Engineer: 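One structure is given below, represented as structure tokens, and several questions about it will come after.
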Amino acid sequence: MRQAGAFSGLLCGGISGRTGPHSLPLARIKKIMKKSGEDVKMISGEAPIVFSKACELFIEELTRRSWIMAIQGKRRTLNKEDVASAVIATDIFDFLITLVSNSGSHAVGASATNLMDLEAIDYSSATMHHSSYKV
């Protein structure tokens, strides 16, 4: 069970302990939320903050999995084919399959022989050189 202060910690900078401005624009998030359906009219001030943190976590996770693909390809530059391969190899990203297949990038580097089960990856073995990246 989550501790009582966990939600307020998320609102104040989440698990990284950051406070202050959010890295994703809250006004843009609120606009996207309102466009999601005609029934969505009122949105509290806290909801976009939670969505912002969720988006950050999503981007971090997809980046980690894409980075593994770049490392497997013996490269140190993340490219769209790595993202496409990570999406194809990971069941939880199935909702993005049409996005990566529309660009045609799913055919590059995404053969069944080089896709591994990313659900069982130990992320501590793959490092990204960024000061705020934590595994």
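Because only heavy atoms are used, hydrogens play no part in the values below, and waters and symmetry mates are left out as well, while side chains stay in. Small disclaimer: the values here were computed from a predicted structure and weren't measured.
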Engineer: Under 3.5 Å, side chain of K74 to main-chain N/O of I71, donor-acceptor pair present?
Structural biologist: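 No, the answer is negative, given that no donor and acceptor are paired below the 3.5 Å cut-off.
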
Engineer: I'd like to know whether D82 forms a salt bridge (Lys or Arg N to Asp or Glu O under 4.0 Å) with R65, so could you lay out the CA-CA distance, the side-chain angles of the two residues, the decisive distance to 0.1 Å, and finally the verdict.
Structural biologist: CA-CA 8 Å; D82 299 319; R65 291 171 184 262; over 6 Å; no

Engineer: CD of Q72 to CZ of R75: how many Å apart, nearest 0.5 Å?
Structural biologist: 10.0 Å

Engineer: Would you please name every residue forming a side-chain contact (heavy atoms from CB on, under 4.5 Å) with D39, sequence neighbours left out?
Structural biologist: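 Partners of D39 under the side-chain contact (heavy atoms from CB on, under 4.5 Å) test: none.
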
Engineer: Going from NZ on K80 to OG on S66, what distance comes out if it is rounded to the nearest 0.5 angstrom?
Structural biologist: 13.5 Å

Engineer: Please answer: with hydrophobic residues joined when any side-chain heavy atoms are less than 4.5 Å apart, are I32 and L26 in the same cluster?
Structural biologist: no

Engineer: Check P48 against I43 and note the closest heavy-atom contact, atom names and distance.
Structural biologist: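 It is CD-CG2, 3.9 Å.
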
Engineer: Residues two or more places apart in sequence or in another chain: which of them pass ring-ring contact (aromatic ring centres under 6.0 Å, His included) with F51?
Structural biologist: none

Engineer: Kindly determine whether D94 and V87 satisfy side chain to side chain contact (heavy atoms under 4.5 Å, CB included), including the steps that lead there.
Structural biologist: CA-CA 7 Å; D94 280 352; V87 166; over 6 Å; no

Engineer: What is the distance from atom OG of S52 to atom CD1 of I29, rounded to the nearest 0.5 Å?
Structural biologist: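 If I round to the nearest 0.5 Å, the distance is 4.0 Å.
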
Engineer: Hey, could you give me the CG/CD1 distance between L24 and I49, rounded to the nearest 0.5 Å?
Structural biologist: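 Nearest 0.5 Å value for the CG-CD1 distance: 12.0 Å.
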
Engineer: Should the pair F95 and F58 be assigned to parallel (<30°), tilted (30 to 60°) or perpendicular (>60°) ring geometry?
Structural biologist: tilted

Engineer: A side-chain contact here means heavy atoms from C-beta on lying under 4.5 Å apart; do L96 and L99 qualify?
Structural biologist: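 A side-chain contact exists here, since the closest heavy-atom pair is under 4.5 Å.
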
Engineer: Report the residues that fulfil side-chain contact (heavy atoms from CB on, under 4.5 Å) with S36, sequence neighbours left out, ordered by chain and then residue number.
Structural biologist: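 Partners of S36 by the side-chain contact (heavy atoms from CB on, under 4.5 Å) criterion, ordered by chain and then number, come out as V40.
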
Engineer: Only counting residues at least two apart or in another chain, list the ones meeting side-chain contact (heavy atoms from CB on, under 4.5 Å) with K31.
Structural biologist: R28

Engineer: Roughly how far, to the nearest 0.5 Å, is CG of L78 from CD1 of I68?
Structural biologist: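 Here the rounded value is 11.0 Å.
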
Engineer: Atom CZ in R64, atom CE in M69: separation rounded to 0.5 Å?
Structural biologist: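 Taking CZ in R64 and CE in M69, the distance rounds to 15.5 Å.
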
Engineer: What residues, two or more places apart in sequence or in another chain, satisfy side-chain contact (heavy atoms from CB on, under 4.5 Å) together with I59?
Structural biologist: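 Partners of I59 by the side-chain contact (heavy atoms from CB on, under 4.5 Å) criterion, ordered by chain and then number, come out as T63.
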
